[in-house]
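This structure is a prediction, so every number in the text was calculated from the model and none was measured. Scope of the values below: all heavy atoms of this structure, side chains included, with no hydrogens, waters or symmetry mates.
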Amino acid sequence: MSEGGASAPHAPKESMPTAPTAPAAPAVREPARTAVPEPARTSAPESSRTAAPDSARTSAPEPGRRTGPPDPALRPGAARRTGLLVTLILGGLTATPPLAMDMYLPSLPEVTRSLHAPAATVQLTLTACLAGMALGQLVVGPMSDRWGRRRPLLAGLAVYVLATVLCALAPNVEVLVAFRLAQGLAGAAGIVIARAVVRDLYDGVAMARFFSTLMLISGVAPIVAPLIGGQILRVTDWRGVFVVLTVVGVLLGAVVWTKLPETLPPAERHGGGVGEALRSMRGLLADRAFAGYMIAGGFAFAALFAYISASPFVIQEIYGASPQTFSLLFGLNSVGLVAVGQINGKVLVGRVRLDRVLAVGLTVVILAAGALLLMATGAFGEVGLAPVAAALFVLMSAMGVTLPNTQALALMRTRHNAGSASALLGTSSFLIGAVASPLVGIAGEDTAVPMAVVQLAAALVALACFVGMCRPGKEAMSGESVSAETVSAKTVSAGEES
């Protein structure tokens with residue numbers, strides 16, 4: 001009943017009895033924010049930003065990311081519908097890059113034959129798209145802080161649609177690589193601005209839960225994308241994949257244009273730009289443990305991207321599977337990644353120290369990559385598709401605890417500049433992963449040895465950086481970092497310090 005009846009005119013009346021010290025600090029944000037307990041967040045009536053826990057929301061919110069009381073910033077009457085709409089829009093934005101990458105995977109062998117290009121060169125189309133997504137985050141993120149969320153996002157979607165159309169019309173592989181780079185640069189807008197919009201609208205536990213929902217959506221995208229790509233190839237060629245991606249981009253742009261409001265008020269914007277972000281990142285890199293988690297996560301992602309780049313050729317060309325069979329196997333592996341990730345978030349976190357879970361995950365990746373290398377070199381004799389697919393499934397499933405925990409442990413190292421830390425983690429992972437792509441095709445299409453070597457080497461480097469730079473076990477991380485509530489408290493503390 002409180003959800004339906006709470007509205008802005010009544011919010012000050014509810015909050016006044018619970019904040020006897022409010023008259024003493026009517027215009028001071030920081031004391032009001034630091035003194036407010038989680039069950040009932042209050043502030044002075046003049047601020048018009050009083051909020052009750054998960055029920056009473058103000059009618060004129062000012063959802064600043066680091067100034068003012070943490071507030072989910074959704075009105076109670078429309079909370080559910082608006083929340084669902086925002087979730088679908090932001091989920092679409094975070095799913096667009098995986099769609100652009102993974103829907104294209106089943107067509108890689110056909111692109112090789114159609115454009116008369118070697119496999120290593122065709123795999124550069126993946127590298128270019130990934131590198132574009134990495135670099136684009138460094139540019140679009142500061143742009144959205146300066147000009148708001150809508151304009152950079154709509155501009156990015158427009159460029160994404162144009163680049164995708166040009167990919168469909170590419171006459172040779174060199175032109176395709178160039179337009180895939182542009183597609184990745186533009187697609188980065190969806191990744192970085194989706195996170196920023198969540199930060200604008202939510203805080204605390206609500207923000208953590210919303211991010212979990214987005215992670216689930218982005219995890220489903222790699223499952224369905226190759227399946228869709230495989231079915232597209234049944235009725236058309238590889239250019240049809242980009243036609244479908246163009247339609248998806250147009251529809252998403254139309255929904256953003258008509259339904260997603262601006263979430264960053266002009267008063268909350270700043271003109272720091274890229275220079276300020278780079279200075280913050282330089283300070284983060286001075287933290288050895290943060291750098292260790294960042295490098296470990298980047299090389300773990302490189303092992304993942306080696307699988308993404310090489311598996312179409314390994315499964316289809318070496319083991320003779322059809323594009324549809326490859327899509328099913330790829331989807332199954334993505335299911336394993338999502339399932340283990342959910343187990344990590346719902347079962348392991350809060351019960352087992354994150355550094356221990358990460359160590360186990362990296363060890364499993366190393367064992368799976370070692371088994372793949374032995375099979376690829378013929379140590380077990382002639383093996384069929386089933387053992388290789390099983391090893392890839394184990395490797396991919398272990399990524400469900402490896403990738404999220406490296407990011408979580410890294411972000412716990414900073415009490416401010418969380419946005420810069422997130423951008424640095426994402427950019428480094430994409431760049432390191434982009435380097436792995438051409439390496440897996442260096443020996444041609446007839447052997448899986450390069451893929452297994454890259455995966456094993458990347459996993460070993462990740463484990464070495466984790467052990468040598470992060471020194472797991474030296475710090476008692478479990479008591480301060482495993483719960484969503486603690487992460488939320490640290491996020492509020494980060495805002496206070498900055």
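- For the pair Ala303 and Ala458, the tightest heavy-atom approach, listed with the atom from each and the gap, is N-CB, 4.0 Å.
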Stepwise side chain to side chain contact (heavy atoms under 4.5 Å, CB included) test for Leu153 and Val197
CA-CA 11 Å; Leu153 177 57; Val197 170; 5.9 Å; no
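- Proximity of the aromatic rings of Phe330 and Tyr307 is defined here by a centroid distance below 6.0 angstrom, and this criterion is met.
- Atom CG of residue Leu409 and atom CZ of residue Arg353 lie 10.0 Å apart, to the nearest 0.5 angstrom.
- Scanning all heavy atoms of the two residues, the minimum distance from Gln183 to Cys129 falls at OE1-SG, 4.2 Å.
- Looking at heavy atoms from C-beta onward, Ile318 lies out of side-chain contact with Phe313 at the 4.5 angstrom threshold.
- Using a 4.5 Å heavy-atom threshold, the side chains of Tyr104 and Thr125 count as touching.
- Side-chain contact between Leu126 and Leu105: present, with at least one pair of heavy atoms (C-beta onward) separated by less than 4.5 Å.
- Closest heavy-atom contact between Leu108 and Ser309: CD1-O, 4.1 Å.
- The closest side-chain heavy-atom distance from Arg149 to Leu260 is not below 4.5 Å.
- Rounding to the nearest 0.5 angstrom, the gap separating the CG atom in Leu130 from the CE atom in Met101 is 5.0 Å.
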Which donor-acceptor pairs under 3.5 Å do the side chains of residues 383-404 make with protein atoms, sequence neighbours left out?
from, atom 1, to, atom 2, distance (Å)
Ser397, OG, Phe393, O, 2.8
Thr402, OG1, Ala398, O, 2.9

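- Pro152 places a side-chain heavy atom less than 4.5 Å from the side chain of Ile193.
- Summarising the geometry of Arg180 relative to Ala100, their closest heavy-atom pair is NH1-O, 3.1 Å, with the distance given to 0.1 Å.
- Nearest heavy atoms, Pro106 versus Ser327: CG-OG, 3.7 Å.
- At least one donor-acceptor pair under 3.5 Å links the side chain of Arg150 to the backbone N or O of Val256.
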Assess whether side chain to side chain contact (heavy atoms under 4.5 Å, CB included) is satisfied between Val449 and Leu373, documenting all intermediate values.
CA-CA 6 Å; Val449 171; Leu373 182 58; 4.1 Å; yes
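- Distance check: Leu439 CG to Met451 CE gives 13.5 Å after rounding to the nearest 0.5 Å.
- Remark: Leu332 CG to Leu337 CG distance equals 11.5 Å, nearest 0.5 Å.
- With sequence neighbours excluded, the residues forming a side chain to side chain contact (heavy atoms under 4.5 Å, CB included) with Ile366 are Leu456, Ala459, Leu460, Leu463, listed by chain and number.
- To the nearest 0.5 Å, the span separating OG on Ser428 from CZ on Phe301 amounts to 10.0 Å.
- In this structure, Phe466 and Asp355 have side chains that are in contact, with non-hydrogen atoms separated by less than 4.5 Å.
- Among all heavy-atom pairs drawn from Gly292 and Cys465, the shortest one is O-CB, 4.2 Å.
- Taking OG1 of Thr127 as the start and CG of Leu431 as the end, the distance is 11.0 Å to the nearest 0.5 Å.
- The backbone N or O of Leu135 sits nowhere less than 3.5 Å from a side-chain atom of Thr427 that would complete a donor-acceptor pair.
- Under the side chain to side chain donor-acceptor pair (under 3.5 Å) criterion, Thr325 pairs with Ser322, sequence neighbours left out.
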